[in-house]
Amino acid sequence: MPQPLHELPQEDRVYRMRHSAAHIMAEAVLELFPGAKFAIGPPIEHGFYYDFELSRPLTPEDLGAIDERMRATIAADHPFVHREVDKEEARRLFADQPFKLELIDGIEVDQMSLYEHGEFTDLCEGPHVERTGQVGAFKLASVAGAYWRGDEHKPMLQRIYGLLFEKKKELKAHLAMMEEAEKRDHRRLGRELELFTTHELIGAGLPLWLPKGATVRRLLEEFITELERQAGYSHVYTPHIAKKDLYELSGHWDHFKDDMFPVMELEHEEMVLRPMNCPHHILIYASKLRSYRDLPIRLAEMGTMYRNERSGVVGGLSRVRAMTLNDAHIFCTPEQVKAEFSNVMRLVEEAYDTLGITEYSYQLSLRDPANTEKYAPDDAMWEMAEPMLREAMTELDLPFTEAIGEAAFYGPKLDIQLRDTMGREETFSTVQIDFHLPNQFDISYIGEDGAEHRPVIIHRGVISTMERMMAYLIEHYAGAFPLWLAPVQAIVIPIADRHIEYAQKVIDDLQAAGLRVELDDRGERMQAKIRDAQLQKIPYMLIVGDREQEADAVAVRQRDGANLGALPLFQVIDRLKDEVTTKC
RNA sequence: GCCGGCGUAGCUCAGUCUGGUAGAGCAGUCGAUUCGUAAUCGACAGGUCAAGGGUUCGAUUCCCUUCGCUGGCUCCA
């Protein structure tokens with residue numbers, strides 16, 4: 001006897017509701033589009049989807065009609081009935097459903113599990129709710145294209161996404177949360193706060209950093225560069241282009257060509273924009289004879305590179321075609337790999353801690369053994385590098401998941417994943433163990449024994465690309481950067497024109513103390529100036545009127561609305577400088 | 001790259017379905033106001049309706065192409 005729905009844990013109940021709603025939606029689509037072919041429809045985070053092949057594209061208006069049919073099914077409160085048939089029977093039942101037939105052929109056992117409600121039957125493992133009336137609160141969200149079985153060489157189907165929660169209140173809360181998330185979308189705040197912009201004439205994925213955004217970026221770069229300097233890195237500069245031959249040697253041309261901009265023909269050579277910085281750094285390593293005493297050598301650079309991302313994926317700052325990576329390559333002996341790896345992880349933790357990044361996950365990105373042509377062909381290398389990373393993570397006692405097929409072409413990676421406000425996951429930090437490129441470039445060091453040895457390269461990016469980190473931080477702080485990162489740290493607001501002279505003196509003192517300040521000397525009322533400063537998310541508003549002028553003071557209002565009242569100017573300067581130093 | 005959706009002033013959006021060359025708020029400029037913790041008042045200015053082509057007596061509106069933005073899919077820092 002199955003357990004009644006209400007006795008199940010909440011997680012299981014919602015899972016069943018989402019799964020069942022997908023069936024109900026498929027039924028509605030089949031009714032409205034006779035002859036529709038349906039593929040798969042699983043529950044997902046926050047809801048469900050179902051993929052269909054239809055005679056015409058779905059419009060947002062179709063969603064209304066589908067929604068209505070679904071509600072009728074829910075009101076009818078049909079029971080979900082489970083039964084099992086053999087393959088032959090299943091093939092007969094789904095004779096006009098090619099996707100289902102393909103699924104049936106792919107199942108090992110002969111027992112086919114079916115779920116029915118009303119007139120609708122689906123090939124499905126379950127489990128489901130008991131009756132259609134139990135599916136909870138849902139809303140059809142969007143239509144999208146999706147490849148059959150996630151393979152871009154297979155036909156593209158139409159996917160309908162739905163949101164579903166057990167209670168209406170939860171659905172409403174989720175919708176409100178999404179609305180809030182939209183307000184912190186870095187593309188929107190980037191425009192409102194004048195951080196970056198784009199222009200058609202420059203091109204997709206090629207953002208322009210405005211003065212305020214550039215200030216934040218420069219501070220980030222200075223921050224990480226200083227951390228690296230303390231951690232024993234040497235910073236270098238290298239050009240953004242090189243001969244194509246360089247990338248033929250490295251293997252990029254073979255494995256990464258599709259992501260590179262087309263070749264530029266010069267008189268006698270072919271040049272390319274670099275898609276990665278490693279070859280340049282390797283040639284710096286190779287520029288002189290190295291001794292084991294020199295290792296590890298840690299070469300770092302804000303490395304700007306160019307990738308010909310497919311047009312459908314670029315957008316905002318998080319996916320661009322010109323990007324600057326907080327890059328470094330550590331050349332070390334095999335014995336030093338683990339220690340260097342844990343040093344990098346410590347650096348990541350320290351950087352994240354200061355930037356206020358607390359939610360992230362570790363992903364061990366491995367090659368896909370079933371698809372080895374995507375990767376450097378040296379099996380022995382992979383068999384050595386992958387366990388090395390796994391062991392290092394275990395020794396550091398850090399939890400991680402493993403992702404098959406996510407490795408770089410030259411080696412496995414440890415990726416650190418963050419989620420944006422809309423819940424999309426992206427790689428930020430990455431640490432890669434590379435035994436491949438040292439061979440390609442035939443680099444070496446002289447060991448204690450006087451013989452040549454092959455170094456290992458650790459590729460690592462700590463705070464990702466400036467673009468992606470900026471996108472993350474804008475959303476993370478909702479544009480309200482902590483004082484040390486704020487492009488404008490304080491704005492001085494004179495109440496009337498007769499206070500401008502004193503306000504200018506306040507500005508001078510603040511600037512002399514190294515603070516980034518602005519003067520609002522517009523002929524507006526103080527309230528309007530406060531409102532504008534508030535919308536610009538400036539951390540401190542320093543208001544000066546007769547009383548402050550008299551006392552060599554400023555009235556301090558914080559971005560969160562707190563009014564600290566009049567304080568002596570020198571005291572405010574100390575307070576701000578202190579807050580900048582502690583980066584909190 | 002693929003499947004949808006969208007592109008009207010710097011920004012947010014009316015108007016497009018039912019073709020007759022555009023309107024608001026905010027921002028901007030100018031003037032008045034000189035004000036005590038989230039929007040002072042008034043005037044002015046601002047648009048080859050993304051670009052190109054087609055249909056039409058006539059296209060912002062209908063059709064096609066390109067570009068850009070956007071939600072997904074695939075791919076990735």
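Numbers restart at 1 for each chain; the letters A, B, ... are given by sequence-line order, proteins then strands.
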- Heavy atoms under 4.0 Å is the rule here; annotate nucleotides 36-52 of chain B 5' to 3' with B where the base is hit, S where only the sugar-phosphate is, and - elsewhere. BBBBB------------

- If we take the P atom in both G25(B) and A77(B), what is their distance in whole Å? 49 Å

- Task: Using distance alone, with no hydrogens and no angle criterion, decide if Tyr472(A) and Ser464(A) have a side-chain donor and acceptor under 3.5 Å apart.
- Result: no

- Test: Arg18(A) cationic atom under 6.0 Å from Phe165(A) six-membered ring centre, within 45° of axis: yes

Taking N or O atoms only and anything under 3.5 Å, show me the protein contacts with nucleotides 14-18 of chain B, one pair per line.
none

- Query: Roughly how far apart, to the nearest Å, are C3(B) and C62(B) at atom P?
  - Reply: 22 Å

- Item | Distance, P atom - from G15(B) to C6(B), rounded to whole angstrom | 14 Å

- Message: How would you summarise protein contacts on nucleotides 72-77 of chain B per nucleotide, using B for base, S for sugar-phosphate only and - for none, with heavy-atom distances below 4.0 Å?
- Response: BBBBBB

- Query: Mind checking the C1' distance from C49(B) to U61(B)? Whole angstroms is fine.
  - Reply: 10 Å

- Determine the Euclidean distance between corresponding P atoms of A50(B) and U16(B); express it in Å to zero decimal places. 15 Å

- Item | Sub-4.0 Å heavy-atom contacts from residues 343-360 of chain A onto RNA chain B, ordered by number | none

- Sequence-distant partners of Arg557(A), side chain to side chain contact (heavy atoms under 4.5 Å, CB included), two or more places apart: Ile530(A), Gln534(A), Met541(A), Ile543(A)

- Between Gln97(A) and Ala36(A), which heavy-atom pair has the shortest distance, and what is it? NE2-O, 3.1 Å

- Item | Between U12(B) and C17(B) - P atom distance, rounded Å | 24 Å

- Taking all non-hydrogen atoms of both residues, which atom of Val506(A) and which atom of Val544(A) are closest, and how far apart? CG2-CG1, 4.4 Å

- Please figure out whether Asp185(A) or Arg191(A) has its closest RNA chain B nucleotide nearer the 5' end. Arg191(A)

- Paired with C6(B) by Watson-Crick or G-U wobble geometry, both distances under 3.5 Å: which nucleotide is it? G68(B)

- Which pairs with one or both residues in residues 301-331 of chain A pass ring-ring contact (aromatic ring centres under 6.0 Å, His included), sequence neighbours excluded? His240(A)-Tyr306(A), His281(A)-His329(A), Tyr285(A)-Phe331(A), His329(A)-His459(A)

- Message: Please give the distance between the C1' atoms of A51(B) and A59(B) as a whole number of Å.
- Response: 15 Å

- Report yes if the distance between the aromatic ring centroids of Tyr352(A) and Tyr360(A) is under 6.0 Å, otherwise no. yes

- Item | Pair partner, C41(B) [Watson-Crick or wobble, under 3.5 Å] | G31(B)

- Query: What is the pairing partner of U21(B), taking Watson-Crick or G-U wobble pairs with both distances under 3.5 Å in any strand?
  - Reply: none

- Message: Please report the distance separating the P of C73(B) from the corresponding atom of C13(B), rounded so that it comes out in whole Å.
- Response: 24 Å

- Query: Do the two ring centres, one from Phe38(A) and one from Phe52(A), sit under 6.0 Å apart?
  - Reply: no

